[in-house]
There are 2 protein chains.
Amino acid sequence: MQIAIVLYDRFTALDAVGPYETLGRHPDAEVVFVAERTGPVRTDSGSLALIADKTLAEVPDPDIVVVPGGPGQTPQMENEALLDWIRTADATSTWTTSVCTGSLLLAAAGLLQGRRATSHWLALDELKRFGAEPTGERVVTDGKYVTAAGVSSGIDMGLALLGRISGDVVAQAVQLGIEYDPRPPYDAGSPQKAPADVVELIRSMSRFILGTEPTT
Amino acid sequence: MQIAIVLYDRFTALDAVGPYETLGRHPDAEVVFVAERTGPVRTDSGSLALIADKTLAEVPDPDIVVVPGGPGQTPQMENEALLDWIRTADATSTWTTSVCTGSLLLAAAGLLQGRRATSHWLALDELKRFGAEPTGERVVTDGKYVTAAGVSSGIDMGLALLGRISGDVVAQAVQLGIEYDPRPPYDAGSPQKAPADVVELIRSMSRFILGTEPTT
């Protein structure tokens with residue numbers, strides 16, 4: 001079961017690493033990090049690089065596609081080479097997935113037309129421009145398309161999809177292996193729960209998260 | 001505020017990326033990934049590499065030390081170059097931290113003698129060999145030493161320490177930015193909660209997590 005995780009300049013590391021540490025621990029997984037060119041790909045902060053081991057062209061037909069988000073997603077919306085690869089890979093994939101604003105790339109590739117989907121909470125309305133129907137859920141499955149909300153939600157998405165593919169015992173074992181028994185020190189992980197001033201603070205900084213200003 | 005995140009062969013990616021995406025988002029953070037040699041460092045699965053941008057020697061006195069765990073931790077327990085660096089960096093650090101079996105490296109460096117600490121649930125008893133007092137908490141702070149439980153707990157640790165350093169608003173803003181509103185699809189993230197057969201399954205596979213058999 002080949003899982004291709006797509007990297008591009010200024011992606012968000014946890015968007016990629018969450019599915020990698022969960023879905024990627026499927027006993028038969030062959031995870032491959034792919035990008036237009038092999039070699040280091042810098043994350044949004046600039047202080048970390050992950051290695052792309054294969055080019056997109058070398059991995060034409062993965063079983064599962066994972067597209068992370070991050071501020072670097074915005075310029076990729078006009079990168080036809082990447083969008084073409086997503087469309088081609090999707091034509092034969094079993095599952096096509098995204099984390100955070102990665103769903104906007106699936107949408108820009110034309111894959112989410114008329115489908116329920118999610119994204120980072122700041123980017124939900126952007127999905128509508130591409131004919132997708134945004135939901136407030138953390139993980140949304142519509143047919144073979146599985147989209148997750150912001151950054152950390154890729155962990156929940158990876159476990160949920162792993163359970164669907166391999167059954168509850170395998171997914172629970174991975175959850176226990178990574179000791180995923182979350183205890184956030186605050187209850188501020190969604191705009192509905194966070195204090196209003198914190199929500200405003202993040203809205204004011206949204207270009208660092210989305211790479212662009214939100215449309216709402 | 002310089003944050004040094006240590007990499008070594010066969011570390012676990014999320015152990016490093018959790019603190020990076022939380023603590024590392026402090027407005028004044030300068031995050032640097034360090035290793036004995038610069039360049040790609042492969043994770044436990046072999047399918048991912050992160051880049052170490054600096055050698056240990058180039059980063060002698062970070063404000064915060066972060067030591068991840070993973071099956072590659074075992075051979076590092078006898079790597080005096082790494083243990084010496086940990087001791088030297090700790091001599092001037094404001095905080096010395098670990099995720100998962102990274103605490104065993106802090107312990108082997110002699111830093112946790114007589115201190116409360118935690119680790120991956122499979123490795124808790126190992127801490128006793130070094131005079132530390134293991135606890136079942138997810139994040140343990142004893143003086144300037146902050147240790148976190150298995151793999152994913154580095155996210156909680158990073159947010160908790162960020163709150164301590166920068167105040168609640170900054171930590172809540174980071175939590176909201178990464179949309180950390182966890183919704184695990186199962187409640188199997190600790191040995192107390194997971195089904196007994198799942199706990200046994202992971203115990204039987206513990207060498208892939210710890211790099212060694214558990215002592216209990």
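Chain naming here is simple, since letters A, B, ... match the order of the sequence lines and numbering starts at 1 in each. All values reported here derive from a predicted model rather than from experimental measurement.
Taking 4.5 Å as the heavy-atom cut-off, the residues of residues 51-64 of chain A that approach chain B are Ile51(A), Asp53(A), ordered by number. Interface with chain B: from residues 29-40 of chain A, residues Val31(A), Phe33(A), Pro40(A) qualify, criterion being any non-hydrogen pair under 4.5 Å. Residues of residues 95-104 of chain B lying within less than 4.5 angstrom of chain A, judged on heavy atoms, are absent.
Formation of a donor-acceptor pair under 3.5 Å by the Trp121(A) side chain with backbone atoms of Leu176(B) is found in this model. Using modelled atom types, one side-chain atom of His120(A) and one backbone atom of Gly177(B) make a donor-acceptor pair closer than 3.5 Å.
Heavy atoms of Ile5(B) lying under 4.5 Å from chain A are absent altogether. Both the backbone and the side chain of Gln172(B) come within contact range of chain A, each with at least one heavy atom under 4.5 Å from a heavy atom of that chain. Looking at Val199(B), both its backbone and its side chain come within 4.5 Å of chain A, counting heavy atoms on both sides. Within the 4.5 angstrom heavy-atom criterion, only side-chain atoms of Leu201(A), from C-beta onward, approach chain B. Proximity to chain B (any heavy atom under 4.5 Å) is shown, for Asp168(A), by both the backbone and the side chain. Looking at Thr12(A), both its backbone and its side chain come within 4.5 Å of chain B, counting heavy atoms on both sides. Residue Arg183(B) touches chain A through both its backbone and its side chain, counting heavy-atom pairs closer than 4.5 Å. Proximity to chain A involves both the backbone and the side chain of Leu50(B), based on heavy atoms less than 4.5 angstrom apart. The parts of Leu48(B) that come within reach of chain A are both its backbone and its side chain, each placing non-hydrogen atoms under 4.5 angstrom from that chain. Heavy-atom distances place the side chain of Pro195(B), and not its backbone, under 4.5 Å from chain A.
In terms of heavy-atom pairs under 4.5 angstrom with chain A, the leader among Asp156(B), Val174(B), Val198(B) is Asp156(B). Contact tally against chain A (heavy-atom pairs below 4.5 Å) for Pro184(B), Ser190(B), Gly46(B): the top residue is Pro184(B). Listed options Ala16(B), Ser45(B), Ala194(B) were ranked by heavy-atom pairs under 4.5 angstrom with chain A; first place goes to Ser45(B). Highest contact tally toward chain B, considering only Pro191(A), Gly18(A), Ala188(A), is held by Ala188(A) [criterion: heavy-atom pairs under 4.5 Å].
At a threshold of 4.0 Å, the pair Lys193(A)-Asp181(B) counts as salt-bridged, since one of the basic side-chain nitrogens sits closer than that to a carboxylate oxygen.
Residue pairs meeting the ring-ring contact (aromatic ring centres under 6.0 Å, His included) criterion with at least one partner in residues 151-180 of chain A, sequence neighbours excluded, are absent.
Residues Val17(A) and Ala13(B) come closest through the heavy atom pair CG1-CB, 4.1 Å. Between Asp187(A) and Gln175(B), the closest heavy-atom pair is N-OE1, 4.2 Å. When all heavy atoms are compared, the tightest approach of Ala149(A) to Glu179(B) is CB-OE2, 3.4 Å.
In the model, Thr43(A) has a side-chain atom that pairs as donor or acceptor with a side-chain atom of Tyr20(B) under 3.5 Å.
The structure places CG of Leu14(B) at 5.0 Å from CD1 of Ile155(A), a figure rounded to the nearest 0.5 Å.
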